[in-house]
Amino acid sequence: MKDIAGKTAFVTGAASGIGLGIATALSQAGAKVMLCDIEEEALRKARAQLEATNADVDAVRADVSLKAELKAAADATLARYGKVHILVNNAGVGGGGPYGTWTDAAWDWTMGVNLDAVIWGVEIFGPLIESHGEGGHIVSTASIAGLISGGSMPYNVSKYGVVALSEGLRIELAPRGIGVSVLCPSFVRTRILTSQRNLPERLAGKLVPTPPSGPLAERFKAVREGVERGADPRYVGELVREGIENDWPYIFTDTEFEHHIEARFAAIKQGFDRIRGRTPAR
Ligand SMILES: NC(=O)c1ccc[n+]([C@@H]2O[C@H](COP(=O)([O-])OP(=O)(O)OC[C@H]3O[C@@H](n4cnc5c(N)ncnc54)[C@H](O)[C@@H]3O)[C@@H](O)[C@H]2O)c1
């Protein structure tokens, strides 16, 4: 989608971090942006911050893990701007740990915000983007953790899901004039590690049974340090704008984890090599 100016974008998780970075970049490129987030006060501030730059933005509160609220946010976007061209499924939470620490609540919450909401976003906004015939773009925020696994299993599973959905949709939606990109950030300096500030009341106290200790605590510390030294979300926003303009299938933020992904591909290839030349019994 070469010309973003004058188009309308709907961005989830837009009150903070990467979502706010994307909303900033798109509005600076001349798009009208509907900011969507669960956090009322942060949303109000984000909107005021962008309006102070003369950006054409509005805001709608929604818990995207509730389909009815996402649908209502889509209705509000149409009521405000008439059309929508760009969907950014970005809201996400870092919930759940490795084997042995799982809770149903952690799986429900993480899968609900990180994956169900992305599926529903496509279901709800896809037809709206198609309807005006002007083309559009869908970007969904997965993670490097959507391409290499280990650590927080619910997070990994949800993010692999976002990658799978985006790769498949890219093929299906191209003939319908909609480009699809998946954003796979490495560490970005955001509030992701305090995601539990948005834990719904119904899951309060049910997320993690014990505080992490031993090797797990070390891992958490490394992640914390990674996020603290991570990329500026405004830089990530600019990359996403560039990705939309040039229809990039994958949007990465740096090469820090590239060798891990290469190692995964090598292990997959080894799996094929092991059975190469064998004839499957039928
Ligand atoms: N920060 C990183 O290092 C990093 C790396 C890879 C991927 N990501 C992904 O980036 C995306 C954005 O996260 P971030 O790092 O900017 O964190 P963040 O916490 O700063 O921003 C996330 C935003 O999503 C909103 N949100 C959370 N639950 C919601 C819900 N149910 N409904 C609507 N909005 C909700 C939050 O209020 C917040 O404004 C997430 O999908 C995250 O998994 C982040």
Side-chain angles (χ1 to χ4, degrees), residues 10-24 34-47 49 59-74 88-96 108-118 120-121 139-148 151-152 154-163 165-166 182-203 220 222-237 239-240 250-254 256-257:
F10 177 86
V11 182
T12 70
S16 169
I18 295 172
L20 181 54
I22 296 171
T24 304
M34 181 62 100
L35 314 167
C36 173
D37 206 283
I38 194 173
E39 251 184 83
E40 195 100 55
E41 182 52 19
L43 189 59
R44 193 191 58 71
K45 280 190 187 152
R47 177 186 170 174
Q49 179 187 319
V60 59
R61 192 214 160 267
D63 177 348
V64 297
S65 71
L66 300 174
K67 196 173 188 177
E69 291 197 11
L70 191 55
K71 172 78 175 63
V88 183
N89 291 308
N90 166 79
V93 292
D108 284 355
W109 183 49
T110 310
M111 296 297 282
V113 181
N114 293 6
L115 184 57
D116 291 348
V118 176
W120 294 332
V139 183
S140 302
T141 305
S143 171
I144 280 290
L147 294 164
I148 41 171
S152 170
Y155 190 75
N156 282 128
V157 171
S158 68
K159 296 301 188 179
Y160 267 64
V162 173
V163 171
L165 192 73
S166 302
V182 63
L183 169 64
C184 296
S186 306
F187 291 125
V188 185
R189 211 171 53 247
T190 69
R191 300 176 68 204
I192 189 74
L193 295 178
T194 59
S195 293
Q196 287 189 32
R197 67 190 188 279
N198 290 314
L199 189 68
E201 195 56 43
R202 66 181 190 280
L203 302 178
F220 272 49
V223 170
R224 184 166 301 281
E225 285 167 2
V227 170
E228 279 166 7
R229 67 168 164 78
D232 186 327
R234 287 170 300 186
Y235 162 76
V236 180
L239 284 176
V240 169
Y250 302 94
I251 306 172
F252 293 110
T253 56
D254 60 55
E256 183 172 347
F257 294 95

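Residue numbers start at 1 and run along the sequence shown. Numbering of ligands and ligand atoms starts at 1, following listing order.
Side-chain contact check for Leu20 versus Pro233: every heavy-atom pair is 4.5 Å or farther apart. The shortest distance between side-chain heavy atoms of Leu70 and Phe10 falls below 4.5 Å. The closest side-chain heavy-atom distance from Ile38 to Val113 is not below 4.5 Å. For the pair Arg61/Asp37, no side-chain contact is recorded, criterion being any heavy-atom separation below 4.5 Å from C-beta on. Phe257 places none of its side-chain heavy atoms less than 4.5 Å from the side chain of Cys184. Val93 has its side chain out of reach of Tyr155: every pair of non-hydrogen atoms, C-beta onward, lies at least 4.5 Å apart.
Residue Ile18 holds the heavy atom nearest to atom 44 (C) of ligand 1 of all those in Val188, Ile38, Ile18, Thr110. The closest non-hydrogen atom to atom 15 (O) of ligand 1, taken over Val227, Val64, Thr190, comes from Thr190. Counting only non-hydrogen atoms, the option in Ala15, Gly92, Gly19 that gets closest to atom 22 (C) of ligand 1 is Gly92.
Within ligand 1, counting atoms from 1 as listed, the ones closer than 4.0 Å to a heavy atom of Lys159 are 40 (C), 41 (O), 42 (C), 43 (O). Close contacts between ligand 1 and Ala142 involve ligand atoms 7 (C), 9 (C) [criterion: under 4.0 Å to a heavy atom]. The Arg197 neighbourhood of ligand 1 comprises atoms 18 (P), 19 (O), 36 (C), 38 (C), with distances under 4.0 Å to a heavy atom of that residue. Close approach of ligand 1 to Phe187 is summarised as follows: ligand atoms under 4.0 Å from at least one heavy atom of the residue are 3 (O). Applying the 4.0 Å criterion to heavy atoms of Pro185 picks out, from ligand 1, the atoms 5 (C), 6 (C), 7 (C). Listed by number with element, the atoms of ligand 1 under 4.0 Å from a non-hydrogen atom of Gly17 are 16 (O), 20 (O). The ligand atoms of ligand 1 that sit less than 4.0 angstrom from a heavy atom of Thr141 are 9 (C), 10 (O), 11 (C), 41 (O). Interface of Val93 with ligand 1, defined as ligand atoms under 4.0 Å from a residue heavy atom, comprises 27 (C), 28 (N).
Any N or O atom pair closer than 3.5 Å counts here, and Ser143 shares no such pair with ligand 1.
Under 4.0 Å from ligand 1, not a single heavy atom of Arg189 appears. With a 4.0 Å cut-off on non-hydrogen atoms, Ser195 does not touch ligand 1 at all. At a 4.0 Å heavy-atom cut-off, ligand 1 touches Asn198 through the side chain alone. The part of Ala62 lying near ligand 1 is the backbone, judged by heavy-atom distances below 4.0 Å. If you look at Leu20 next to ligand 1, there are no close heavy atoms at all, none under 4.0 Å. For Val113, every heavy-atom contact with ligand 1 shorter than 4.0 Å involves the side chain, none the backbone. Using a 4.0 Å cut-off between heavy atoms, Ala145 makes no contact with ligand 1 at all.
Every heavy atom of Thr12 sits 4.0 Å or more from the atoms of ligand 1. Heavy-atom distances between Glu69 and ligand 1 stay at or above 4.0 Å for every pair. Contact annotation: Ser186 has at least one heavy atom less than 4.0 Å from an atom of ligand 1.
By the neighbour-count criterion of 12 heavy atoms within 6.0 Å, atom CD of Glu40 is sparsely surrounded, having that number or fewer from other residues, nucleotides or ligands. More than 12 non-hydrogen atoms from other residues, nucleotides or ligands lie less than 6.0 angstrom from CZ of Arg189.
Between the CZ atom in Phe252 and the CG atom in Leu147 there is a gap of 5.5 Å [rounded to 0.5 Å]. Distance check, rounded to the nearest 0.5 Å: OG1 of Thr12 to CG of Asp63 gives 11.0 Å. For the atom pair OG1 (Thr253) and CD1 (Ile18), the distance works out to 7.5 Å, reported to the nearest 0.5 Å. In this structure, Leu183 CG and Ile251 CD1 are separated by 5.5 Å, a value rounded to the nearest 0.5 Å. Rounded to the nearest 0.5 angstrom, Leu43 CG and Ser16 OG are separated by 11.0 Å.
A salt bridge does not link Arg197 with Glu41: every distance from a Lys NZ or Arg NE/NH1/NH2 to an Asp or Glu carboxylate oxygen is 4.0 Å or more.
For atom 37 (O) of ligand 1, the nearest protein heavy atom (residue, atom name, distance) is Asp37 OD1, 2.6 Å. Of all protein heavy atoms, the one closest to atom 11 (C) of ligand 1 is Asn90 O, 3.2 Å. Counting protein heavy atoms only, atom 8 (N) of ligand 1 is closest to Tyr155 OH, 3.6 Å. For atom 13 (O) of ligand 1, the nearest non-hydrogen atom of the protein is Ile192 CD1, 3.9 Å. The nearest heavy-atom contact from the protein to atom 24 (O) of ligand 1 is Gly13 CA, 3.3 Å. For atom 20 (O) of ligand 1, the nearest non-hydrogen atom of the protein is Ser16 OG, 2.6 Å.
The side-chain contact (heavy atoms from CB on, under 4.5 Å) with Thr190 is formed by just one residue from the set Thr194, Leu193, Val188; it is Val188. Results of the salt bridge (Lys or Arg N to Asp or Glu O under 4.0 Å) test with Glu39 over Arg44, Lys45, Arg191 single out Arg191 as the only residue that passes.
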